[in-house]
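First the structure, in the form of structure tokens, and then the observations on it.
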Protein chains: 2
Amino acid sequence: MKNLLYTGKKIKKTRARTVILEEINKIKSHPTAYEMFKIVKQRLPRVSLGTVYRNLDILSEHGLVLKLKMNDAQMHYDGRTDEHYHIQCVKCGKTEDIPLEMLNNIDTAVQDKTAYRVLYHTISFYGLCTECTEEDVTGKGNKV
Amino acid sequence: MKNLLYTGKKIKKTRARTVILEEINKIKSHPTAYEMFKIVKQRLPRVSLGTVYRNLDILSEHGLVLKLKMNDAQMHYDGRTDEHYHIQCVKCGKTEDIPLEMLNNIDTAVQDKTAYRVLYHTISFYGLCTECTEEDVTGKGNKV
DNA sequence: ACTTTAAACAGGAATCATTCTTAATTATGA
DNA sequence: TCATAATTAAGAATGATTCCTGTTTAAAGT
Ligand SMILES: [Mn+2]
Ligand SMILES: [Mn+2]
Ligand SMILES: [Zn+2]
Ligand SMILES: [Zn+2]
């Protein structure tokens, strides 16, 4: 079994998949599937949006990208795969990483207090980025 | 200005709105708009799903219900309006309250470490409820 | 390199939650 | 009561995501 996208993973290396992974690893942002589609399309002009969706799902199932649900309609994807938290600006929708250590102990705390076997948790912060805090008067901000 | 749903709030008391609020306050679960629609329809047979959506939004904008985004496709609504965290079973989708004190200090911590003005955060736990842990072998569970 | 076969693909249709539009109904209040 | 504004029901529209189908591509063995 050759040509693995990532050694030791049962994931085939295909044209679209490779470009998607390369491109999402180049950026520090948290793009939507459509934003990735526009980026990937520059290298693979015939790629389809469905292919981008499908491969982002496959990559996230194999832990090669993260799939994030924030407070807007679309899913966001993240090339950084170590567990970390995010903040989203409620005005412009920008999503960024949080330099906060993971709170692993809260899973245990919750498991002890409930009848659940706790597998994981997510934390999302919401607030105003610098730009949006400043232009508070102008009202130029987009909605999330 | 009479007929307010809640004293001191600028929110009028209408037939559908009143029933929706009464019914969501009766239950401890975290229904979707459609589940609320089915419940409300028993008292108001001519109510429409759009009215349920609109009023749940209005109620949540006024802080009379919470609107929750968990890891399934629909929004969930919560008649309990004090801040609290939730856990969702990854197998059956059931969503329940967590008896964990709010971590208010993390907002400050994040604000100090980032360029954001932090307004709020959400924490969601995911795991297996007792029923779904037990029937692990049977494979009868629904997907979330 | 050639063949076979399963997986991946493009393009477009379908799905599904949610929002929007509009005309009718209901509440407010002078 | 009459005028006006808000709410509603019904169904259309929207938008993100998934699914379907016929075609192309990659992988594994010759
Ligand atoms: Mn990230
Ligand atoms: Mn709750
Ligand atoms: Zn911003
Ligand atoms: Zn369960």
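Letters go in sequence order (proteins before strands), and every chain restarts at 1.
- Residues Ser48(A) and Thr51(A) have side chains that bring a donor and an acceptor to within less than 3.5 angstrom of each other.
- Atom CD of Glu22(A) is surrounded by more than 12 heavy atoms from other residues, nucleotides or ligands within 6.0 Å.
- Lys13(A) places its NZ atom 13 Å from the P atom of dA28(D), with the value rounded to the nearest Å.
- Shown here is Tyr34(B), whose OH atom has no more than 12 heavy atoms of other residues, nucleotides or ligands within 6.0 Å.
- Atom CD of Glu61(A) is separated from atom P of dA7(C) by 15 Å (rounded to the nearest Å).
- Under 3.5 Å, the side chains of His86(A) and Tyr126(A) contain no donor-acceptor pair of N or O atoms.
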5' to 3', nucleotides 6-18 of chain D under a 4.0 Å protein heavy-atom cut-off (B base, S sugar-phosphate only, - none) gives SSBBS-----SBB
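- In this structure, Leu100(B) is not a member of the same hydrophobic cluster as Met70(B), with clusters built from ILVMFWY side-chain heavy atoms closer than 4.5 Å.
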